[in-house]
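All heavy atoms count here, side chains included; hydrogens, waters and symmetry mates do not. Numbers restart at 1 for each chain; the letters A, B, ... are given by sequence-line order, proteins then strands.
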Number of protein chains: 2
Amino acid sequence: MRRGRAPGPKRQQNETRILKAAEEVFATAGFSGARTAAIAKRAGVPKANLHYYFGTKEVLYRRVLENILEVWLHLGDSIRPDADPAQALAAYVAAKIGFSRRRPHASKVFANELLHGAPQIRGYLRQELKRWVDAKSKVIDAWVAQGLLAPVPAKHLFFLIWAMTQTYADFDLQIAAVLGRKRIAPADYQDAAALITRLLIGLKVPP
Amino acid sequence: MRRGRAPGPKRQQNETRILKAAEEVFATAGFSGARTAAIAKRAGVPKANLHYYFGTKEVLYRRVLENILEVWLHLGDSIRPDADPAQALAAYVAAKIGFSRRRPHASKVFANELLHGAPQIRGYLRQELKRWVDAKSKVIDAWVAQGLLAPVPAKHLFFLIWAMTQTYADFDLQIAAVLGRKRIAPADYQDAAALITRLLIGLKVPP
DNA sequence: GTCTATATATCGATAGAC
DNA sequence: GTCTATCGATATATAGAC
């Protein structure tokens with residue numbers, strides 16, 4: 001009946017399960033360390049299905065990455081020219097830390113991709129991400145021009161915010177070990193967000 | 001003549017070359033993505049030599065990691081109770097950023113190990129590193145008690161300093177792409193160190 | 001100690017039955 | 001569309017000549 005157009009509900013469910021499983025396995029093992037057998041097992045489907053749906057391991061990996069990049073850029077929506085700098089930056093930090101807490105696997109897949117030469121997302125970095133940072137940096141510069149913020153190299157400010165917020169997902173094991181815990185607790189993310197925000201507020205020029 | 005005690009000079013030279021090559025290959029490919037053939041080729045030795053010297057790929061990897069961890073903990077020597085907080089933190093940031101610039105491969109190997117469950121350095125994280133942070137945090141707390149620094153969760157402060165300084169090694173490709181460069185320039189590291197230091201100085205209590 | 005040539009294992013991918 | 005059984009490629013590790 002269905003002439004191969006819209007995928008059946010079972011296939012759609014399976015694809016979603018596979019993508020979720022793949023994100024977890026790619027996060028903990030990296031691309032080359034990930035085993036398609038492990039992904040299939042975790043998703044609860046036969047390994048052949050995975051290849052039938054996605055073709056190759058690399059295509060599946062790209063799909064996982066695309067899902068992540070889609071969310072990424074929208075986390076900075078609070079940074080607008082008419083917003084209050086302190087509030088906007090605090091909201092951005094909260095959004096980024098929240099993403100690290102809710103989707104640590106996504107952050108790790110992205111980190112791993114970057115770490116190993118970004119073979120799949122070169123274009124994204126040079127196009128979409130660069131444009132995003134260029135635009136947001138103009139907002140920061142405008143705040144500086146208005147005397148709301150001390151002069152600051154805007155792009156580096158974003159690099160540091162990314163680093164500080166993502167470290168709680170990417171290097172959670174190190175943080176947990178140093179804190180003497182088995183894993184990071186919700187309160188730790190709050191402490192982190194508060195401290196990061198405090199550091200950034202130091203750039204604010206008092207009225 | 002030599003009854004197998006001290007290794008000959010050629011062997012020592014080869015081991016050094018292999019370790020250097022291994023650090024580079026592990027950094028760009030991760031443990032599972034690294035090929036022993038690639039390491040041997042880059043080191044200029046036959047692949048069988050590599051196994052003769054180190055036994056297995058995993059042992060070689062551990063040796064690379066040990067070399068890195070050895071340097072790590074000494075970078076914080078400026079953080080002492082009798083030091084000036086602002087100067088000590090600035091020196092620590094400079095040391096960490098300098099390490100990221102001089103030995104980006106080392107930083108990436110470490111990041112990759114952390115990212116993927118830290119199977120080889122669990123003990124290091126829970127023992128040496130935890131003790132280091134516990135000790136340095138007491139220094140920070142003492143500065144706070146003396147009214148030199150605003151109250152701050154000391155351990156999180158270290159997590160953030162690590163994140164900010166290492167991001168310029170680990171995610172250099174992202175930074176270069178956003179800056180519209182092929183690679184990060186020396187001036188970028190200076191800009192980074194200056195901004196990180198400024199953020200931290202914001203914690204200083206004015207005299 | 002060094003190196004070439006090869007064994008053994010693992011994993012991504014697919015053929016073919018249902 | 002789904003799944004079992006298997007192929008072929010690739011990579012670690014080693015045997016054995018020099």
Side-chain angles (χ1 to χ4, degrees), chain A residues 1-19 21-65 109 112-113 116 119-120, chain B residues 1-19 21-65 109 112-113 116 119-120:
Chain A
M1 288 309 158
R2 227 184 279 108
R3 259 168 299 163
R5 289 314 177 111
K10 177 152 186 206
R11 170 158 184 165
Q12 204 156 23
Q13 187 196 24
N14 275 352
E15 283 197 8
T16 305
R17 293 167 63 94
I18 291 170
L19 282 168
E23 185 175 288
E24 293 170 10
V25 174
F26 282 131
T28 50
F31 176 74
S32 48
R35 300 293 162 237
T36 52
I39 296 172
K41 189 179 177 185
R42 189 176 279 246
V45 303
K47 185 159 67 87
N49 262 21
L50 188 150
H51 284 98
Y52 179 69
Y53 290 148
F54 294 95
T56 69
K57 179 184 172 181
E58 190 178 315
V59 169
L60 173 59
Y61 178 64
R62 265 203 293 269
R63 287 284 302 274
V64 170
L65 272 177
V109 172
N112 188 66
E113 169 69 10
H116 299 139
Q120 306 290 346
Chain B
M1 290 308 158
R2 224 184 281 105
R3 259 167 298 164
R5 290 312 178 112
K10 177 155 186 203
R11 170 157 183 166
Q12 203 156 23
Q13 187 195 23
N14 276 351
E15 284 197 8
T16 305
R17 292 168 63 94
I18 291 170
L19 283 168
E23 184 175 288
E24 293 169 10
V25 174
F26 283 131
T28 51
F31 176 74
S32 49
R35 300 293 161 238
T36 53
I39 296 172
K41 189 179 177 185
R42 188 177 281 245
V45 303
K47 185 158 65 83
N49 262 21
L50 188 151
H51 284 99
Y52 179 70
Y53 291 148
F54 295 95
T56 69
K57 178 182 172 182
E58 191 179 314
V59 168
L60 172 60
Y61 178 64
R62 265 203 292 271
R63 287 283 302 275
V64 170
L65 272 176
V109 172
N112 188 67
E113 169 69 10
H116 298 141
Q120 307 289 348

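- Under the rule for a side chain to side chain donor-acceptor pair (under 3.5 Å), A/N49 has no partner lying at least two apart in sequence or in another chain.
- Contact detail for B/N112 and B/F31: the closest heavy-atom pair is ND2-N, 3.7 Å.
- No donor-acceptor pair closer than 3.5 Å links the side chain of B/E23 to the backbone N or O of B/V109.
- One can place CD1 of B/I18 at 12 Å from C1' of C/dT2, the figure rounded to the nearest angstrom.
- Contact annotation: A/R35 side-chain N/O to C/dT10 OP1/OP2 distance is not under 4.0 Å.
- DNA chain D lies under 4.0 Å from at least one heavy atom of each of the following residues of residues 36-50 of chain A: A/P46, A/A48, A/N49.
- Near DNA chain C, defined here as any heavy-atom distance below 4.0 Å, the residues from residues 51-63 of chain B are B/Y52, B/Y53, listed numerically.
- Counting only residues at least two apart or on different chains, no ring-ring contact (aromatic ring centres under 6.0 Å, His included) pair has a member in residues 36-58 of chain A.
- Between B/L60 and B/L19, some side-chain heavy-atom pair lies under the 4.5 Å cut-off.
- Among pairs with a residue in residues 49-58 of chain A, those fulfilling salt bridge (charged side-chain N to carboxylate O under 4.0 Å, His left out) read A/E58-A/R62, at least two apart in sequence or across chains.
- Of all the heavy atoms in A/A29 and B/S32, the pair that sits closest is O-OG, 4.1 Å.
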Please output the side-chain donor-acceptor pairs of residues 38-48 of chain B that fall under 3.5 Å, not counting sequence neighbours, one pair per line with the distance.
{"residue": "B/R42", "atom": "NH1", "partner": "B/E24", "partner atom": "OE1", "Å": "2.4"}

